[in-house]
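One-based numbering along the sequence shown.
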Amino acid sequence: MILARVIVAATLVLAELWSVLAIFAVGFDSRRGNRRLRWITGDDAETVRDRHSLMAQLSMMGIVNTVAGAAAGLGASMYAANNHLQFTQSVVPIFMIGMAVLAVQASGLVVGHWASRPRLAWITNPFVLEATLRQSLREGPVPDHTIDEYEQILEKLRSETSVLFLKKADTLETLGIASSAAAREWPPSGNRPPEEWAKLVRADLSPRAVWRWIWARRKLALVCPLSLGVLASAALVGLRAIAADGASPVAVIAVAVVLCGWHVLLGLLMHRAATEELVLANRTRAREKHKIDACAALICELKAGSKPRPKATEPPPARTILSVGRWHLLRR
């Protein structure tokens, strides 16, 4: 009986800690996101590719330096013994160094292939597409095949979404928890702060919609720990009631009331945190839709000012990505 109490009590404590931390994290992050949400313009595809390529090169340099240092230390311990250089009879150190070198080469090939993708392959959201289209408009007429690629990317973005916890672009509409007030925020008109728009969207959402969001997308983080805590509380009260030492009925009822009230409070806090998250999801998804519409309008402008161009017979000039002394890393 004592062991059962200890196990149930430990389960209750862990479930309560999980619930409190999850509710705090969801609520705090969502409220901060609702305060900071703005109508922004992202970086163009070329800038995104160069930034990721540079980070990939620096990370590979770090891996190579780490492996070189480990190989040097392993080699020193392998050949030095009693102030004399001796060749080891074991093949394990040599095998380890060889595997490390192969791992560096394999990872270098993977990172190099990923970093050398075409420029348009780095357009993964409407913000990058919008910045790329505006850059193309500034540069002048573009070939028809480039416009076709832009249209293909736009159609792909229409069916996808980069909003967190939304698997598909129409998830909010499918669940019936989309807010009509969120669409009126974008593109921004006037100087109304984001907090006021968050209040409007929050008032437009019903409590039932929030519970539907929790059950559809946040069961693991919010519902599971709270349910586990309720079950552990019920088990703990039951064990106390049937304890061999004879617990007072008043004490058992008092413990049950306290635990019940505590979990009701956690449920209300969970609902409040999920409301903030659903508000942020609606506003972010509405902004993403309007960005896609803006990209469609920019593509129409490109079509109006474009003219067919023959494909270049010569490759474009190389661009310098990284310079170290006399060595230059170029991209064609």
Side-chain angles (χ1 to χ4, degrees), residues 19-42 124-130 154-227 263-297:
S19 298
V20 172
L21 292 177
I23 291 172
F24 176 78
V26 171
F28 177 77
D29 187 65
S30 300
R31 287 186 68 87
R32 183 180 61 177
N34 280 314
R35 290 195 304 267
R36 296 183 176 182
L37 197 62
R38 297 290 190 276
W39 182 265
I40 60 175
T41 301
T124 57
N125 57 65
F127 304 96
V128 179
L129 178 59
E130 181 193 23
L154 181 63
E155 289 301 320
K156 182 180 179 181
L157 294 177
R158 288 186 187 277
S159 60
E160 299 177 353
T161 179
S162 58
V163 181
L164 195 62
F165 304 120
L166 296 184
K167 295 182 178 180
K168 298 180 180 179
D170 59 346
T171 299
L172 295 175
E173 290 77 6
T174 303
L175 296 176
I177 55 178
S179 171
S180 58
R184 297 194 298 269
E185 182 180 1
W186 316 111
S189 57
N191 296 322
R192 178 176 291 183
E195 292 82 358
E196 292 189 11
W197 282 109
K199 292 179 181 178
L200 292 176
V201 178
R202 192 182 302 116
D204 191 45
L205 296 172
S206 64
R208 184 178 179 182
V210 178
W211 286 116
R212 193 176 300 170
W213 166 260
I214 295 174
W215 184 253
R217 287 293 174 265
R218 303 299 275 163
K219 290 193 295 289
L220 183 61
L222 298 176
V223 177
C224 290
L226 187 61
S227 302
H263 286 102
V264 169
L265 177 62
L266 281 183
L268 295 176
L269 293 175
M270 179 182 68
H271 185 275
R272 181 63 180 272
T275 302
E276 293 294 330
E277 188 177 54
L278 183 56
V279 168
L280 181 61
N282 270 281
R283 296 177 64 205
T284 308
R285 178 56 189 158
R287 184 184 64 173
E288 189 178 61
K289 288 181 179 179
H290 282 80
K291 281 290 183 180
I292 291 176
D293 295 339
C295 292

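- Side-chain atoms of W186 and L37, non-hydrogen and from C-beta on, do get closer than 4.5 Å to each other.
- Expressed to the nearest 0.5 Å, how far CD of E160 lies from CD1 of I292 amounts to 9.5 Å.
- To the nearest 0.5 angstrom, T41 atom OG1 is 4.5 Å from E130 atom CD.
- Distance check, rounded to the nearest 0.5 Å: CD of E195 to CG of L200 gives 12.0 Å.
- By the 4.5 Å heavy-atom criterion applied to side chains, K168 and T174 are not counted as neighbours.
- No side-chain heavy atom of E185 sits under 4.5 Å from any side-chain heavy atom of W39.
- To the nearest 0.5 Å, atoms CD1 (I23) and CG (L226) are separated by 6.5 Å.
- Residues D29 and R32 come closest through the heavy atom pair OD1-NH2, 3.0 Å.
- Of the inter-residue distances, the one linking S179 atom OG with R202 atom CZ reads 11.0 Å to the nearest 0.5 angstrom.
- In this structure, R272 places its CZ atom where only 12 or fewer heavy-atom neighbours from other residues, nucleotides or ligands lie under 6.0 Å away.
- The shortest non-hydrogen separation linking L172 to L166 is CD2-CD2, 4.0 Å.
- Contact check for S180 versus D204: side-chain heavy atoms found under the 4.5 Å cut-off.
- Checked by atom type and distance alone, the side chain of N282 never pairs as donor or acceptor with a backbone atom of R285 at under 3.5 Å.
- Nearest heavy atoms, N125 versus S162: CB-OG, 4.3 Å.
- Atoms CG and CD, on L157 and E155 in that order, are 9.5 Å from each other to the nearest 0.5 Å.
- Between A182 and A286, the closest heavy-atom pair is O-CB, 3.5 Å.
- The closest donor-acceptor contact from the side chain of S159 to the backbone of K156 lies under 3.5 Å.
- Side-chain contact check for R158 versus D293: some heavy-atom pair is nearer than 4.5 Å.
- Of the possible donor and acceptor atoms, none in the side chain of R31 sits under 3.5 Å from a partner among the backbone N and O of E276.
- The closest donor-acceptor contact from the side chain of R287 to the backbone of R38 lies under 3.5 Å.
- Listed for the K167 side chain is no donor-acceptor partner under 3.5 Å among the backbone atoms of R217.
- Scanning all heavy atoms of the two residues, the minimum distance from S30 to A273 falls at OG-O, 4.4 Å.
- No donor-acceptor pair closer than 3.5 Å links the side chain of W213 to the backbone N or O of R218.
- Using modelled atom types, no side-chain atom of E288 and backbone atom of T161 make a donor-acceptor pair closer than 3.5 Å.
- For the pair K219 and W215, the cation-pi test (distance below 6.0 Å, angle within 45°) is passed.
- Between L154 and C295 the shortest heavy-atom distance is CD1-CB, 4.0 Å.
- Below 30°, between 30° and 60°, or above 60°: for H271 and W211 the angle between ring planes is between 30° and 60°, a tilted geometry.
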